Chemist: 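This is the structure, below, for whatever I ask next.
First the proteins, then the strands, lettered A, B, ... as listed; each starts at 1. Reckoned from all heavy atoms, side chains included, excluding hydrogens, waters and symmetry mates. As the structure is a prediction and not an experimental result, all values here were calculated from the model.
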There are 2 protein chains.
Amino acid sequence: MPIKVLIADDHKLFRQGMISLMRTRQDLVEVIGEAETGEEAVQMAEQLHPDVILMDIYMPEMDGLQAAKKIHARFPEISIVMLTSSERDGHLYEAVQVGAAGYLLKSLDADELFDLLKGVISGEPAMTRAIAGKLLKAVANRMVDDEKGEQALTERELFVLRLVASGATNQIIAEKLSISINTVKSHLKSILGKLQLENRTQAATYAMKHGLVMPRDG
Amino acid sequence: MPIKVLIADDHKLFRQGMISLMRTRQDLVEVIGEAETGEEAVQMAEQLHPDVILMDIYMPEMDGLQAAKKIHARFPEISIVMLTSSERDGHLYEAVQVGAAGYLLKSLDADELFDLLKGVISGEPAMTRAIAGKLLKAVANRMVDDEKGEQALTERELFVLRLVASGATNQIIAEKLSISINTVKSHLKSILGKLQLENRTQAATYAMKHGLVMPRDG
DNA sequence: TCAGGGATCACTCTTTCGGGTGAGGCCGGA
DNA sequence: TCCGGCCTCACCCGAAAGAGTGATCCCTGA
């Protein structure tokens, strides 16, 4: 019995390509559905109960990480494998946190993908060595950070940081969050302190590097 | 005789998917090669002389737009169709200027792609109505020639931009380049003008998005 | 109950940005 | 030869940023 796969990706050409590819390995995998948005992915996961969902991150309406979170909460038996072009570490970490069973890049080879899918249904994580290495480092760094007493950013600070990265001035940020510019400065100072940065420009590049911003192109 | 196609995209899975798709229409198209980087695309265009190149924009080493420019200059008979997920207008305009014969989104349907490819080899532009509409508007607004056209940064400006993205202040940049802070300001003003940005923070995120900064571990 | 952290805000002060304007030297194309 | 772009620099000025200090309110955990 082939592995039942749901493909969630907003690029129709990519979906069609994957379907065409998987048709060459009908013994192993069977695409039982496609979703174009995160919303659709959640609905189809409920209706079709696939074994595995190949989920992109950038999708309209609801991104793949949010969709994965919802699906994993309701159907933990479904293995969700993020299949994306994003090499942002932040996306990887978030994927792990929302319960993804794997994180693969679209630069992967099709045969490797098939191999990893075989493992996934028996509970193995689907990821390349490079990705696994990143996770290890992250865990190690997290421990080091904890010992150092380094603090994570609060929700509010993350929000401010995202806006800073978008190029917004403190005044604009204040208006968007309906708070005073003094508060924005206060948050920003806290951000710079926690991340050991010197100015908003460094904060912006930090945010980009760690995938805290979601550009709608790529 | 099928249309000879070269696929340039850094995502192996996407390339394999496209090849698998095109194999279903062997009467119409034949994939004669793949390229993973812009560099490779230029080389393979020279070696293989395809009829059409399906070119992604984001690629390592050299992006698709630069590659298209080089290829078009040397082999104007090759039709270069940008096949990307970028809905950024700037990319579209730039594509037109480097001589691309078409601009398509990956959200396209495979059958539509095949139809458009048929037209391309007889000289028709490959684009959807939505894209064509954008171009019309741009021409009407004289945006292509007047504003979006000349947005190429000079070497000096690129250098300044990279330093801006690293979080350096104008003073620091001036010291690193051994010029006065006034000159740095002058360059930065020019950068902001060309890229239609408002401040250095936006310039920094722009630099990150366009890979102008050397990626570091972290 | 009390300490501590988070979110909010005010006020001051110095530095940095970024716009405006103008200008000189250099170099390559029309 | 002249025009235009590039790189360089200067001065002015208002706006924005960022450091410093202190304060209030709320919530949570020891």
Chemist: May I ask you to verify if any side-chain N or O of S190(A) is less than 4.0 angstrom from the OP1 or OP2 atom of dG6(C)?
Modeler: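 For S190(A), the contact criterion (side-chain N or O under 4.0 Å from OP1 or OP2 of dG6(C)) is not met.
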Chemist: So does K12(A) pair up with E36(A), basic N to acidic O under 4.0 Å?
Modeler: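 Looking at K12(A) and E36(A), the cut-off is not met.
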Chemist: Could you pull out the closest heavy-atom pair between M59(B) and G64(B), with the gap in Å?
Modeler: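 In terms of heavy atoms, the two residues are closest at CE-CA, 3.8 Å.
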Chemist: Using a strict 4.0 Å threshold on nitrogen-to-oxygen distance, state whether R15(A) and E34(A) make a salt bridge.
Modeler: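 A salt bridge links R15(A) with E34(A).
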Chemist: Can a side chain N or O of R156(A) be found less than 4.0 Å away from OP1 or OP2 on dG6(C)?
Modeler: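 For dG6(C), neither OP1 nor OP2 has a side-chain N or O of R156(A) closer than 4.0 Å.
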Chemist: Does the distance from a Lys or Arg side-chain N to an Asp or Glu carboxylate O, for D9(A) and K106(A), drop under 4.0 Å?
Modeler: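 Yes, charged N to carboxylate O under 4.0 Å.
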Chemist: Parallel, tilted or perpendicular: which one describes the rings of F14(B) and F14(A), with boundaries at 30° and 60°?
Modeler: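 Judged by the thresholds at 30° and 60°, the geometry between F14(B) and F14(A) is parallel.
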Chemist: Compute the angle between the rotation axes at the two ends of the helix from dT1(C)-dA30(D) to dA30(C)-dT1(D), each taken over five pairs, rounded to 10 degrees.
Modeler: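 About 40°, once rounded to a multiple of 10°.
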Chemist: Got a second to check how far I57(B)'s CD1 is from S85(B)'s OG, nearest 0.5 Å?
Modeler: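 Atom-to-atom, I57(B):CD1 and S85(B):OG are 8.0 Å apart.
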Chemist: Using the side-chain contact (heavy atoms from CB on, under 4.5 Å) criterion, which residues pair with Q171(B)? Sequence neighbours excluded.
Modeler: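 For Q171(B) the side-chain contact (heavy atoms from CB on, under 4.5 Å) partners, ignoring immediate neighbours, are T169(B), E175(B), I181(B).
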Chemist: Between A68(A) and I80(A), what is the shortest heavy-atom contact and its length?
Modeler: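 For A68(A) versus I80(A), the nearest heavy atoms are O-CD1, 3.5 Å.
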Chemist: Short of 4.0 Å, heavy atom to strand atom, which residues of residues 179-188 of chain B count as contacting DNA chain C?
Modeler: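 K185(B), L188(B), in order of number.
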